[in-house]
Amino acid sequence: MLKLKNINTYYGNIQALKDVSLEIKEGEIITLIGANGAGKTTTLMSISGIVPPKSGEVLFMGKPINDMTSEKIVSMGLCQVPEGRHIFPHLTVTENLDMGAFLRKDKANISKDLNYIFDLFPILNERRNQPGGTLSGGEQQMLAISRALMARPKLLLLDEPSLGLAPIIIRQIFEIIKKINKDSGTTVFLVEQNANLALKAADRGYVMENGRITMTDTGENLLSNEDVKNAYLGM
Ligand code: ATP
């Protein structure tokens, strides 16, 4: 579904990604873990076209998307939930969700998807007429994920969904991510500092250090890898 081939991405003279290659197959949950500043967010930005790579290739469903606009990439079925949520604080929950469906042509299915989301996150149903900015951090994360789902993505990119949330809410969000993947076969690329939960949820994981991929294996094997344990699992 997604292939990165030797991606090099820069901010001015600073090289943030060095020869990054990875692959995500349809229906998988893949995680990218790494320390602060390793290049995880830049990897997502390079995929979604927000920070275009200087060299290398991004293939989505076999097609190069390097030179496409972010809007075109979304319309092909690739949606990013950014770090820090970025919901529209003055719009209601329902209006935020409507924004996610903005590019869709199959308007008839939108209310069906809205019902699915309200089943997934009943709290959003309760708060449907409230401005997004009045929700708690966890609820805003649920709204950000839901807004992306309203675009019916084939591939969902999640940037640190656990950031700043209480452990009980984090667990709930990870359960929902697994459920979304199972219910609709949505492929998930999850960038996380919470390596423990991310590797438990993932089929496979990649480890990134200083802009390079240094390890890849199944989530299970990475969880029991001594280097990963020492560096990322606090063991
Ligand atoms: P975090 O977990 O803190 O979000 P990360 O793994 O997502 O970290 P990135 O945000 O991708 O890492 O950053 C990778 C490198 O690029 C870091 O050295 C960072 O300082 C640098 N960087 C990120 N954004 C910019 C920017 N807008 N301008 C200049 N340098 C940047």
Side-chain angles (χ1 to χ4, degrees), residues 2-24 29-58 60 65-66 69-70 73-74 78-87 137-138 140-141 144-145 148 153 155-167 169-171 173-174 177 187-202 204-217 219 222-223 225 227-235:
L2 185 82
K3 219 175 219 180
L4 305 195
K5 286 190 192 168
N6 305 101
I7 293 295
N8 291 287
T9 302
Y10 291 75
Y11 295 104
N13 292 329
I14 301 166
Q15 185 170 9
L17 297 186
K18 297 165 190 158
D19 258 339
V20 170
S21 296
L22 59 82
E23 193 178 354
I24 302 175
I29 300 182
I30 299 298
T31 190
L32 176 65
I33 61 167
N36 253 330
K40 305 182 298 299
T41 297
T42 307
T43 304
L44 292 188
M45 301 289 204
S46 297
I47 296 169
S48 57
I50 298 165
V51 184
K54 199 165 184 177
S55 63
E57 211 175 7
V58 183
F60 179 52
I65 58 170
N66 297 52
T69 61
S70 295
I73 294 172
V74 172
L78 196 156
C79 278
Q80 182 173 352
V81 181
E83 184 178 325
R85 316 7 145 182
H86 298 284
I87 56 139
Q140 288 191 19
Q141 184 63 66
I145 293 173
L155 173 61
L156 189 60
L157 309 179
L158 295 168
D159 195 355
E160 303 240 11
S162 75
L163 195 74
L165 302 181
I169 307 289
I170 296 175
R171 276 196 293 277
I173 296 228
F174 273 82
I177 292 168
T187 309
V188 177
F189 187 39
L190 173 66
V191 158
E192 259 300 338
Q193 279 202 50
N194 190 326
N196 186 29
L197 281 178
L199 290 172
K200 278 184 182 149
R204 287 186 299 118
Y206 289 88
V207 180
M208 181 166 250
E209 284 169 42
N210 299 319
R212 287 185 196 281
I213 299 289
T214 52
M215 235 187 284
T216 179
D217 209 330
L222 287 173
L223 274 171
N225 178 291
D227 292 337
V228 173
K229 276 192 199 172
N230 290 332
Y232 304 107
L233 302 176
M235 290 175 182

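First listed ligand is number 1; within each ligand, the first listed atom is number 1. Treat the numbers as computed from the prediction; the structure is a model and nothing was measured.
Evaluation of the side-chain contact (heavy atoms from CB on, under 4.5 Å) rule for Ser21 yields Asn6 as partners, not counting sequence neighbours. Applying the side-chain contact (heavy atoms from CB on, under 4.5 Å) rule to Thr41 yields the partners Met45, Glu83, Asp159; only residues at least two apart in sequence or on another chain are considered. Listed by chain and number, the residues in a side-chain contact (heavy atoms from CB on, under 4.5 Å) with Ile73 are Ile65, Met68, Leu78 (sequence neighbours excluded).
Remark: the Glu57 side chain and the Asn66 side chain contain no N/O donor-acceptor pair separated by less than 3.5 Å. If you check the side chains of Ser46 and Thr9, you find a donor sitting under 3.5 Å from an acceptor.
Applying the 6.0 Å contact sphere to NZ of Lys3 captures no more than 12 heavy atoms from other residues, nucleotides or ligands.
Each of Tyr11, Ala16, Ala35, Asn36, Gly37, Ala38, Gly39, Lys40, Thr41, Thr42, Glu83, Glu160, Gln193 has a non-hydrogen atom positioned under 4.0 Å from some atom of ligand 1.
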